Amino acid sequence: MNDESQPQPANFEAAKSDVQRKTLDQREQMNELMRLRHSCAHILATAVLRLWPDARLDIGPPTDEGFYYDFDLTHRFTPDDFPKLEEAMRQITKENQVFEKSIKTQAEALAYFEGKGQKFKVERLADIPEGETITFFQNGEFVDLCAGPHVMRTGNVKPGGIKLLRVASAYFRGNEKNPQLQRLYGTAFKNKEELDKWILQQEEAKKRDHRKIGAEMGLFAFDAEYVGPGLALWLPKGAVLVEELEKLAKETEFLAGYVRVKTPHLAKEKMYKTSGHLPYYAESMFPPMELDEFAAERQVLRKQIAVADHRIREEFKSRHPINEPGSSISEKAFGNFMDEYIDEVMHGRVTPSPKDEALFTELRKLTTEEARLPLDRYFLKAMNCPHHHRIFAAEPRSYRDLPLRLAEYGTNYRYEQSGELFGLMRVRAMNMNDAHLYFTPEQFADEFRAVNDMYLKYFKIFGIEKYVMRFSTHDPARLGVKFVNEPELWKQTEDMVRNVLIESGINYVEVPNEAAFYGPKIDVQVWSAIGREFTIATNQVDFAVPARFGLVYKDRDNSLKTPLCIHRAPLGTHERFIGFLIEHYAGNFPLWLAPEQVRVLTLNDDPALVEYAKAITAELRAHFVRVEGDYSADPVKAKIADAETAKVHTMLVVGQRDLEAGGVSVRLHGKGNVGAKPKDEAIADILAAIRERRA
RNA sequence: GCCGGUGUAGCUCAGUGGUAGAGCAACGGUUUCGUAAACCGUAGGUCGUCGGUUCAAUCCCGACCACCGGCUCCA
């Protein structure tokens with residue numbers, strides 16, 4: 001985007017992301033509900049100004065969920081304010097004010113908002129592209145800079161269809177360097193019935209929340225006190241999910257020619273300096289562990305350094321009258337001056353006086369000595385690629401070895417900001433479904449296509465129908481700044497990626513300027529069953545970092561070449577993917593994934609019957625089926641209720657009749673009794689469904 | 001990290017300035033029953049943590065921690 005011609009905001013940072021403003025055409029296409037919600041945002045602002053006339057306004061757009069409006073005012077909104085705000089909003093709808101549009105010049109608009117002290121509106125004015133018409137909308141006493149569109153009158157909004165939801169904070173223009181505004185979220189529907197329906201849906205969605213189901217089913221736990229926030233503990237039933245997922249991935253990758261590797265959870269500082277993650281990624285990494293084998297020597301040297309430093313200061317002081325009574329130079333100012341002076345001399349930018357020279361020589365000698373004492377810093381790995389690069393480097397490679405596909409579900413540790421943690425979806429220790437593919441440029445298209453095919457294969461297994469691939473590309477104007485300066489490689493790889501996407505008929509969107517610094521990438525966005533959107537998988541081309549590690553293979557012509565690399569994680573992290581699956585299936589997993597696949601229930605505790613049931617359980621267990629038995633004398637209704645609550649996939653109920661017939665009666669979770677069949681047939685069905693990973 | 005909210009038994013929730021209850025789950029008994037809940041009993045909590053106010057704090061105040069909803073960030 002070319003922003004240079006636009007008036008620049010004076011005091012605030014520009015928007016952080018390059019999100020496009022809506023064009024006027026796009027705005028005209030806003031549907032009925034969006035118009036309604038947009039108008040509600042104005043009604044909310046009207047209400048806020050009635051109650052707090054000194055509020056400063058930012059913007060108030062509609063969203064998929066409702067609408068919001070950002071305010072700056074000294075009063076802090078709390079949910080206690082909602083009833084009176086909602087009441088004021090209802091009043092405004094009853095006043096049935098007309099939304100009146102008027103066209104303004106930049107100067108008129110500027111004068112209006114400056115006159116009102118609405119500094120955020122003044123900033124927003126500067127965002128409007130030159131030549132675009134500036135419009136105001138007025139309803140009653142409230143005037144807003146707004147491109148519309150709106151409903152005709154405030155009365156079109158039904159009082160019963162409005163609800164304020166929450167108060168949050170938001171940075172002005174979404175940039176954390178800007179002031180924080182108070183954001184009021186609300187929603188609006190055509191009428192009360194629609195709103196109530198939505199509220200009901202929200203409640204249903206809550207029941208599907210992976211955190212709730214995870215606790216109910218005993219899948220995972222967090223122990224912030226002893227283990228730490230964002231560090232999931234997989235309970236036995238949840239560990240089953242991890243293992244099944246890994247088993248699927250291992251089989252899939254084995255068939256696709258991957259080889260497995262294992263690497264440690266930490267590495268020395270040099271690793272991440274070489275990869276480029278330090279210092280740029282340092283904030284997202286756990287602080288390093290320092291191993292100081294020479295702590296005692298270091299301590300002695302540091303004391304000597306302090307003495308030498310002090311001598312220089314005293315010597316300097318003795319030659320200058322700064323410590324005499326009446327001197328205008330404070331101790332602190334002198335200290336600052338000396339800090340700078342010593343620093344300058346030590347860096348060779350200033351030559352000390354001959355008198356100081358000897359003292360500086362001593363200081364230099366000591367600091368050099370200290371610097372020579374090795375200090376090892378180890379970092380927990382935030383990604384696996386550097387370790388895999390070192391595996392590539394561990395043996396000489398020939399073009400005959402390529403493509404080399406190294407897979408490992410390594411645990412990565414990322415120091416996510418505390419406010420970011422979110423159940424399993426955002427954690428601090430995660431198992432990446434990771435692999436790094438090293439190959440020649442000629443092999444690129446095949447490798448990339450194969451990775452995409454793998455995604456699609458997985459999506460099919462899990463019944464993921466709604467997804468978007470975000471294809472992030474570079475910006476040629478920022479080569480050498482944000483992106484490595486390899487215009488040809490960028491063009492080639494992006495073209496190849498684009499072709500693969502088009503040929504495969506994959507639903508994708510291209511996002512310029514969002515590539516990684518080392519290459520284009522594809523992120524896969526999915527929506528969980530309760531509407532949560534997140535990135536599940538990533539597939540990145542890397543034509544820069546292997547070179548930083550000096551990775552080479554010997555080509556046909558006996559020359560050394562740097563391989564291309566793909567970094568791919570089709571299941572993302574196992575934490576997030578399982579969080580997604582829990583919501584996707586609402587905890588009702590297909591048989592192959594179900595933590596407890598089968599439970600054998602007896603009608604009573606008659607010894608012969610129990611013996612029969614135990615034999616069935618043992619047979620299933622011998623086939624590695626996760627099966628439990630409930631042989632108690634409790635009523636079968638109660639035992640079934642227990643099994644249903646536990647979301648056991650298949651229940652085999654056995655009574656006297658089944659014992660005599662050598663059969664079982666099969667009941668499926670959520671589907672009820674599906675009838676009796678011979679025991680061997682039932683077991684064969686179960687084994688086949690598991691083997692085929694039937695949905 | 002920032003803004004707002006929340007924190008009582010394993011879970012869902014009552015409750016009060018005078019050191020706490022219910023249902024379900026758990027445990028012990030009884031119950032012998034054909035597809036979603038049989039009965040009786042027992043046990044279980046320093047009311048998130050630490051300070052403060054008070055004769056007395058789970059309740060009032062403060063700080064911290066964690067979680068929830070957002071912002072920013074991200075797999």
Side-chain angles (χ1 to χ4, degrees), chain A residues 16-17 65 68 70 76-81 165-185 206 209 211-212 215-216 218 221-225 228-230 281 283-284 382-383 412 414-427 430-434 523-526 534-540 567 569-577 579-580 601-607 609-610 631-646 651-658 665-676:
Chain A
K16 211 166 179 190
S17 67
E65 196 196 45
Y68 65 82
D70 287 348
R76 303 232 72 96
F77 290 127
T78 73
D80 294 338
D81 297 325
L165 297 174
R166 62 187 83 96
V167 51
S169 91
Y171 299 103
F172 177 60
R173 281 205 185 97
N175 189 313
E176 70 215 325
K177 294 194 181 72
N178 286 336
Q180 285 199 315
L181 307 174
Q182 298 189 66
R183 177 172 293 179
L184 287 175
Y185 279 95
K206 257 189 199 154
D209 190 305
R211 291 166 299 192
K212 189 170 167 59
E216 283 166 0
F222 286 95
D223 181 349
E225 189 182 356
Y281 201 74
E283 268 194 10
S284 297
M383 61 289 303
N412 292 174
R414 296 187 187 173
Y415 190 74
E416 302 290 348
Q417 296 180 49
S418 60
E420 303 310 330
L421 302 175
F422 175 67
L424 284 180
M425 304 298 198
R426 195 76 183 272
V427 291
M430 66 213 86
N431 283 285
M432 194 75 69
N433 179 244
D434 217 354
D523 293 314
V524 185
Q525 264 174 296
V526 294
F534 42 86
T535 305
I536 204 94
T538 184
N539 183 6
Q540 310 185 352
H567 171 130
L571 300 176
T573 68
H574 296 170
E575 283 74 11
R576 182 175 285 183
F577 198 80
F580 167 82
L601 312 174
T602 56
L603 221 56
N604 53 56
D605 68 351
D606 172 73
L609 190 58
V610 170
Y631 316 128
S632 72
D634 291 339
V636 74
K637 273 174 182 266
K639 299 208 277 192
I640 285 170
D642 282 349
E644 290 282 355
T645 306
M651 288 150 271
L652 300 180
V653 179
V654 294
Q656 208 58 33
R657 284 207 303 264
D658 305 289
S665 111
V666 181
R667 182 189 168 97
L668 299 178
H669 170 56
K671 296 198 179 85
N673 189 1
V674 295

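Every value quoted in this text rests on a predicted model; they were computed, and no experiment measured them. Chain letters run A, B, ... following the sequence lines, proteins first, then strands; residues in each count from 1.
- Using a 4.0 Å heavy-atom distance criterion, A:Q182 is classed as making no nucleic acid contact.
- Taking the P atom of each, B:G5 and B:G41 are spaced 45 Å apart, rounded to whole Å.
- With C1' as the reference atom, B:A9 and B:A14 are 13 Å apart, rounded to whole Å.
- Rounded to a whole Å, the CG atom of A:D81 is 10 Å from the P atom of B:G5.
- Distance check, rounded to the nearest 0.5 Å: CZ of A:F577 to CE of A:M425 gives 10.5 Å.
- Between the side chain of A:Q525 and the base of B:A75, no donor-acceptor pair under 3.5 Å is found.
- A donor-acceptor distance shorter than 3.5 angstrom exists from the side chain of A:K639 to the backbone of A:S632, with no hydrogens or angles considered.
- In terms of polar N and O atoms assigned as donor or acceptor, the side chain of A:Y415 never comes within less than 3.5 Å of the base of B:G1 in a complementary pairing.
- Atom-to-atom, NZ of A:K206 to P of B:C11 comes out at 17 Å; the value is rounded to the nearest Å.
- Contact annotation: A:T535 does not reach the phosphate of B:C74 (side-chain N/O to OP1 or OP2, under 4.0 Å).
- Minimum atom distance to the side chain of A:R166 is reached by B:G69, of the listed B:G34, B:C71, B:G69.
- Taking the side chain as every heavy atom from C-beta outward, A:T645 and A:E216 never approach each other to under 4.5 Å.
- Across all strands, A:Q656 comes closer than 4.0 Å to base atoms (heavy-atom distances).
- Taking atom P in both B:U6 and B:U42, the straight-line distance is 37 Å, to the nearest Å.
- Residue contacts shown for A:A168 include a base, since a base heavy atom lies under 4.0 Å away.
- Distance check, rounded to the nearest 0.5 Å: CG of A:D81 to CG of A:L184 gives 8.0 Å.
- Each of B:A36, B:C3, B:C74 was ranked by its minimum atom distance to the side chain of A:R414; first place goes to B:C74.
- A:Y171 has its OH atom 10 Å from the C1' atom of B:C73, to the nearest Å.
- Going from the C1' atom of B:C55 to that of B:U19 covers 14 Å, rounded to whole Å.
- Pairing analysis of RNA chain B (Watson-Crick: purine N1 to pyrimidine N3 plus N6-O4 or O6-N4; G-U wobble: N1-O2 and O6-N3; both under 3.5 Å) yields stems of 3 or more pairs at B:1-7 with B:65-71, B:10-13 with B:21-24, B:26-30 with B:38-42, B:48-52 with B:60-64.
- Residue A:I536 is classed as a sugar-phosphate contact, given heavy-atom separations below 4.0 Å to backbone atoms only.
- Between B:C3 and A:R183, no contact under 4.0 Å exists linking OP1 or OP2 to a side-chain N or O.
- Nucleotides B:U8 and B:U49, compared at atom P, are 10 Å apart to the nearest Å.
- At the heavy-atom level, A:A224 lies under 4.0 Å from the strands shown only through sugar-phosphate atoms.
- Regarding A:L184, its CG atom lies at a distance of 12 Å from the C1' atom of B:C3, rounded to whole Å.
- Comparing B:A57 with B:U46, their C1' atoms sit 13 Å apart, to the nearest whole Å.
- Atom CD in A:Q417 sits roughly 5 Å away from atom C1' in B:G1 (whole-Å rounding).
- A:T78 has its side chain out of reach of A:V167: every pair of non-hydrogen atoms, C-beta onward, lies at least 4.5 Å apart.
- A:N433 is listed as a side-chain neighbour of A:H574, based on a closest heavy-atom distance under 4.5 Å.
- If you take atom P in B:G69 and the same atom in B:U12, they sit 14 Å apart, rounded to whole Å.
- Residue side chain A:R576 reaches the base of B:C74 through a donor-acceptor N/O pair under 3.5 Å, judged by distance alone.
- No side-chain heavy atom of A:D70 sits less than 4.5 Å from a side-chain heavy atom of A:F172.
- Taking only side-chain nitrogens and oxygens, A:Y185 comes nearer than 4.0 Å to OP1 or OP2 of B:C71.
- Comparing A:V653 and A:R211 by the nucleotide of RNA chain B that holds the closest heavy atom to each, the one mapping nearer the 5' end is A:V653.
- In this model, a side-chain donor or acceptor of A:R426 finds a partner on the base of B:C73 within 3.5 Å.
- For the pair A:E416 CD and B:U72 C1', the interatomic distance rounds to 12 Å; values are reported in whole Å.
- Residue-to-nucleotide contacts include a donor-acceptor pair under 3.5 Å from the side chain of A:S169 to the base of B:G70.
- Mapping A:N673 and A:M425 onto RNA chain B via the closest heavy atom, the residue that lands nearer the 5' end is A:N673.
- Of the possible polar contacts, one joining the A:D658 side chain to the A:G655 backbone as a donor-acceptor pair under 3.5 Å is found.
- Note on A:F222: nothing from the nucleic acid sits closer than 4.0 angstrom, heavy atoms only.
- Between A:R576 and A:R426, some side-chain heavy-atom pair lies under the 4.5 Å cut-off.
- The distance between atom CG of A:D642 and atom P of B:C27, rounded to the nearest whole Å, is 11 Å.
- Using a 4.0 Å heavy-atom criterion, one finds that A:D658 contacts the bases of the nucleic acid, with or without backbone contacts as well.
- Side-chain contact check for A:M430 versus A:R414: some heavy-atom pair is nearer than 4.5 Å.
- The closest side-chain heavy-atom distance from A:E644 to A:R667 is below 4.5 Å.
- Between A:E420 atom CD and B:C73 atom C1' the separation is 5 Å, expressed in whole Å.
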Interface polar pairs with nucleotides 38-48 of chain B, N/O, under 3.5 angstrom:
from: B:A38; atom 1: N6; to: A:D634; atom 2: OD1; distance (Å): 3.1

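- Within the nucleic acid shown, A:T645 comes within 4.0 Å of at least one base atom, counting heavy atoms only.
- Between A:V526 and A:F534, the closest side-chain pair of non-hydrogen atoms falls below 4.5 Å.
- Taking atom C1' on both nucleotides, B:G28 is separated from B:G70 by 49 Å, rounded to a whole Å.
- The number of heavy-atom neighbours closer than 6.0 Å to CZ of A:F422, taken from other residues, nucleotides and ligands shown, is above 12.
- Residue-level contact check: A:G419 touches the bases, meaning some heavy atom is under 4.0 Å from a base atom.
- Among the atoms of the strands shown, base atoms are found under 4.0 Å from some heavy atom of A:R667.
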